[in-house]
Structure formats: structure tokens, C-alpha cells
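Computed from heavy atoms alone, side chains included, the values below leave out hydrogens, waters and symmetry copies. Here the structure is a predicted model, which is why all the values come from computation and not from measurement. Order of listing sets the numbers, starting from 1, for every ligand and every atom in it.
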Amino acid sequence: VCEWRAPETLKQILDLEMRDTGESHQKLLQLCRDVIQYSVKTSHPRFFNQLYAGIDYYSLVGRFITEALNPSVYTYEVSPVFLLVEEAVIKKMIEFIGWEEGDGIFNPGGSISNMYAMNLARYRFCPEIKEKGLSGLPRLVLFTSEECHYSMKKAASFLGIGTENVYFIKTDEKGKMMPEELEKQVQRTRKEGSAPFLVCATAGTTVLGAFDPLDKIADICEKHGLWLHVDASWGGSALVSRKHCRLLHGIHRADSVAWNPHKMLLAGIQCCALLVKDNSGLLKKCYSAKAAYLFQQDKFYDVSYDTGDKSIQCSRHPDAFKFWLMWKALGTTGLEERVNRALALARYLVEEIKKREGFKLLLEPEYANVCFWYIPPTLRKMEDGPEFWQKLHQASVAPIIKERMMKKGSMMLGYQPHRGKVNFFRQVVISPQVSRKDMDFLLDEIELLAKDL
Ligand code: ABU
């Protein structure tokens, strides 16, 4: 999976210096080989480290094409095909959300989609902000769960809302936002004299893979007139599975949705859409700056296809294309099988963890995040309690196993402490190249790497 080298060693191996004269092709080829050799093989079936793994081959072909053609998706005149493809993909994604109509834009990352949504919700709340700026606004407050993605804080800070004005709503034992807590916090905000404007629910949280109860949250948003954004960057792909789409029940009631096909569907980084229920041109109203050198209104074709002014970017990569090519190749049933297969394998792993001595499941997962502790033999006899957890923490079990797996190069698996719980592993099952054999390997390998702990 990887050939680990410390940064100083790798710098020496790679010859990073850029010189006045160019290098020979032979040298360049060697450099390319080195780059490949020391990069992490994220398509390896034992790369379980992130919320992405592997790349769909059709999507890879799509990337070769777009990299070679080098388009920028802002005007129809320079990107006729890619703009139409983006429109078709957005339309199809909107269908899966369950909206009759809508709009959208592909972005460089789910964090940016979340930031777009936050800004859009604020624009709807006070459209004059575009011209007048922040002065004179009431204190704006938004709500999201304690388990939300860290981009919520970043977006609030970047947009001048302020991180103190992000109210984190308590979650239940599965990591889901508690609607009754949300209701209480909205009322508290009103009593404070602040202005609530947005609720960001999460469909597929980063660590636990939890899905917020969207229908109940939508009721509260409707009651209080709040924009509902669903960060389904990770969990959105369950929408293509008839078996698992119930996880997102109520998503059709959202005002906006972030959905990253580069995660569970393997469309390749990055492939991230922000989808908006509004069909009155809100994106364009909020973001347009009407550059006359790009968006001339007297062009010879239908300028509504010049969609670049819906974006905060100018140059933009045609990320929808690789997803479109892959969807064309696999069909919706192929995408569905991919999701079903990953979740079935995650379930297999959960059952194997339950059977093995020394492995302790954190919770029954709803999605592809399987979270567990490895308890070394020396601690297995101890009673569950504060002392046990302190010892497990002090023994640095997960960090040591992680170091050993990376130095050996046998697999990659993430770990983290989380909300008062000591370091545990988060295994993410995504790639169709992964089999039960890899799940068994993962558990055997942890036992092997930790045999002396
Ligand atoms: N955007 C969340 C990704 C972090 C992770 O892979 O865990």
C-alpha cells in the first residue's frame, strides 16, 4: 500500500530542486517512477484509511480526456460538451434526491459545497449582504450536530459568521443529531435576540458514519423558516441504492445538499456537487459578478448555458464528466451494486469483529464506517471501567499498530480519539476490489502487528 519514508529522507530521494536547465528524459522518467513508488496506492484493496479508496476505470478514462483537452467550465463557447454533461448529471442527482427541479454546481470538495450552502442560506436570509456586506446584520446563528464535518467551522469563520455562532447540537449514542435539542437551541437563539438562519444536517458523519433524522429536522426547519442544508458528502451515494436509500429518508425536504461521488462511488478526487432545490436562479443571483469579458449578453448562442457565473470560481475543472462516463458505463444498477457490496462487506467485518477475542466494536454501524478497538492480550482480563480505558490509551495501541502497518506497507487504516473515547480504528469499506479475504487479512494483520503489546 505504501513505501514509508520520513520527510527528510524522501526529500533526498526525490531531488526536488528546480534548476535553470531542464533535465533529460531519462532523469524525468526516473523521477516519475520515484513519485509512483513513494506515493500511497489508494487503489490498493488494503487502503482503508479515508472516505475514498480506488478509482473507477471509466472515470479514469474520463480524467485522461479532460486532462488532455484542458477545458474550463464557465462558458459554452469553451466547454460546450462539459457544460451539457454537468447539466445532465446535476439533473439526475436531483432526481435521486427527490426534487422535481433544482440547480447545482460541481466544486473542489465537499467543504466548498458546504460553504456555498451556508453563504446561499445567508443570502436568502438577507439578499442585501451581497452589496452592503456584513455591517448592520443581526448576529446570525447556524446549527449543526456535534458530529458534523469540520468544514462547518471553517466556513463560518471564512464567511465572517464566526465559529461562536455555530451552535453544535447534541447527538445520541449513534451520533445522530437529536431533534428535540435542535428545537431547544433554536428557541434559545431567538430569546438571545440572535437570528437563526440555517440548519446543517449530516448524512454520513465522518467518523461514525451516522445519518441525522432528516424528516424530523426538516419539520423544525419548516416551523422556524430555516434553510436546511444536508451534508451528504459521504452518505449521499446511498441514494442510488434501493436497499439503503432509506438512510436519507426526508432528504427531498432539504434546500441544499452536498454529495461527493468521489467517495463511495469512486468517481475520482475530486467530484463534488452542491445541489440546490431553488430553481429561480438563486445560485447566480448570489454569486454572479457579470464579467463582460466572459459573459457577454450579445453572444450568438443561448447564453443561459454560460453557467460560470453561478460559481465563486472562475476557472473550473469539468468534474462531472468522469462521473457521467462512469454512470453511462455501469448504469444506475452498477452504481447501486457498488454501494450494496461495500455495505455488505462492512457488515461481514462487523460480524467477524464480534467473533474475535481482542476486538471490541464501538457501535453497530449504519454505513461503511466500522469503528473498533483492538485490546492487546495484557489488557483483556481487566474489567471495563475508567482504569481500563486509561490503560488502553496509555499503551498507545492504535498509534503503534498504525506506525507498524505503514512501515511494513501492508495496509492503511485510520484511527482517532473521538468525543471522550480513546483512540479507536475506523475501517472504511468502499472499493469493489475489496473482498472478504481483505477483511480477514485486516484483523489477522492487526493481531500480528500487536502481538507484543
Ligand atoms: N472529507 C472528510 C474526509 C476525511 C476522511 O477521509 O476521513
Identity and distance of the protein heavy atom lying nearest [atom]:
{"atom": "atom 2 (C) of ligand 1", "value": "H149 NE2, 3.3 Å"}
{"atom": "atom 5 (C) of ligand 1", "value": "Q50 NE2, 3.2 Å"}
{"atom": "atom 3 (C) of ligand 1", "value": "K263 NZ, 3.9 Å"}

- Query: For ligand 1, which atoms sit closer than 4.0 Å to a heavy atom of L51?
  - Reply: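 Answer for ligand 1: 5 (C), 6 (O), 7 (O).
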- Query: Do R338 and E336 meet the salt-bridge criterion of a basic N to acidic O distance under 4.0 Å?
  - Reply: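 A salt bridge is absent here (no side-chain N lies under 4.0 Å from a carboxylate O).
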- Considering only NZ, NE, NH1 and NH2 on the basic side and carboxylate oxygens on the acidic side, decide whether R356 and D444 come within less than 4.0 Å.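 Salt bridge between R356 and D444, a charged N being under 4.0 Å from a carboxylate O: yes.
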- Query: Heavy atom under 4.0 Å from ligand 1: found in T206's side chain, backbone, both, or neither?
  - Reply: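 Contact part for T206 vs ligand 1: side chain (C-beta onward).
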- Query: Just by distance, do the side chain of D309 and the backbone of A289 share a donor-acceptor pair under 3.5 Å?
  - Reply: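 Yes.
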- Task: Could you tell me whether R426 and ligand 1 have an N or O pair separated by under 3.5 Å?
- Result: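 Between R426 and ligand 1, an N or O pair is found under 3.5 Å apart.
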- Query: Name the one of V230, D215, L214 that satisfies side chain to side chain contact (heavy atoms under 4.5 Å, CB included) with R253?
  - Reply: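 Only one option passes, and that is D215.
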- Message: Using the rule side chain to side chain contact (heavy atoms under 4.5 Å, CB included), only one of V422, L379, T378, V397 pairs with K391; which is it?
- Response: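 For K391, the side chain to side chain contact (heavy atoms under 4.5 Å, CB included) check succeeds only for L379.
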